[in-house]
Amino acid sequence: MDKTGNLPVGPDAAELVKLVMDRLDEEKAEEIVEIDLAGKSDVADSLIIASGRSQRHVGALADKIARALKEVGIGQVKTEGLPACDWVLLDAGDIIVHLFRPEVRDFYNLERIWAPERFKPAE
């Protein structure tokens, strides 16, 4: 609680998405995609998927994102996939971030699962 007795208010989902997208861009992540989960999932508001060039790059991206989220008040960022860094998941509550090596991303193809409308055949 703050001095007035209110719970501190952190950034909303849109602000978190912008923060993560900007940081991924700064850190040279590749093929950054944001998928709006409104109406698709009760788990999170947004899903962000990006690729790193190597295991080391994926690990560095995950570290930078986790630190940035903590700096804005997201205390517990749940992380899975370290230290292998083929696929790292960061769960920040309102947003979920998936970071992949390119071939692992191609294998799982999360975009096709969560945003099938992007893959409809042209008519």
>> Before you tell me yes or no, could you show the steps for Leu69 and Leu16 under side-chain contact (heavy atoms from CB on, under 4.5 Å), namely the whole-Å CA-CA distance, both residues' side-chain angles and the distance that decides it to 0.1 Å?
In response: CA-CA 8 Å; Leu69 290 168; Leu16 292 176; 3.8 Å; yes

>> Walk me through whether Ile95 and Glu15 qualify under side-chain contact (heavy atoms from CB on, under 4.5 Å).
In response: CA-CA 10 Å; Ile95 64 167; Glu15 292 169 324; over 6 Å; no

> After noting the C-alpha distance and the side-chain angles of Leu24 and Leu99, does the key distance pass the side-chain contact (heavy atoms from CB on, under 4.5 Å) rule?
Replying inline: CA-CA 10 Å; Leu24 288 170; Leu99 304 170; 3.8 Å; yes

> When you look at Asp106 and Phe100, which way does the side-chain contact (heavy atoms from CB on, under 4.5 Å) test go after all the steps?
Replying inline: CA-CA 9 Å; Asp106 289 343; Phe100 293 95; over 6 Å; no

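Here the CD1 atom belonging to Ile74 is positioned 12.5 Å from the CG atom belonging to Leu90, to the nearest 0.5 angstrom. Here CG of Leu37 is found 7.5 Å from CG of Asp45. Values are rounded to the nearest 0.5 Å. For the atom pair CZ of Arg67 and NZ of Lys64, the computed distance is 7.0 Å after rounding to the nearest 0.5 Å. From Arg56, atom CZ reaches atom SG of Cys85 across 10.0 Å, with rounding to the nearest 0.5 Å. If you take CG on Leu47 and CH2 on Trp114, they are separated by 7.5 Å, rounding to the nearest 0.5 Å. Note that the CG atom of Asp25 and the CE atom of Met21 stand 8.5 Å from one another [nearest 0.5 Å].
With sequence neighbours left out, Glu26 forms a side chain to side chain donor-acceptor pair (under 3.5 Å) with Arg23.
Counting only distance, with no hydrogens or angles, the side chain of His98 and the backbone of Ser51 share no donor-acceptor pair below 3.5 Å. Arg53 contributes a side-chain N or O that, together with a main-chain N or O of Lys28, makes up a donor-acceptor pair within less than 3.5 Å. Using a distance-only test at 3.5 Å, with no hydrogens or angles considered, no donor-acceptor pair links the side chain of Glu80 to the main chain of Val88.
Residues Trp87 and Leu110 share a closest heavy-atom pair of CZ2-CD1, 4.1 Å. Residues Val17 and Glu34 come closest through the heavy atom pair CG1-CG, 3.7 Å. In terms of heavy atoms, Gly52 sits closest to Leu61 at CA-CD1, 4.0 Å. Across every non-hydrogen atom of Ile32 and Ala50, the tightest pair is CG1-CB, 4.0 Å.
Side-chain contact between Ser54 and His57 is present, with at least one heavy-atom pair separated by less than 4.5 Å. Using a 4.5 Å heavy-atom threshold, the side chains of Val77 and Asp91 count as separate. Two residues are said to be in side-chain contact when any heavy atoms from C-beta on lie closer than 4.5 Å; Ile96 and Leu89 meet this criterion. Using a 4.5 Å heavy-atom threshold, the side chains of Val33 and Ile35 count as touching.
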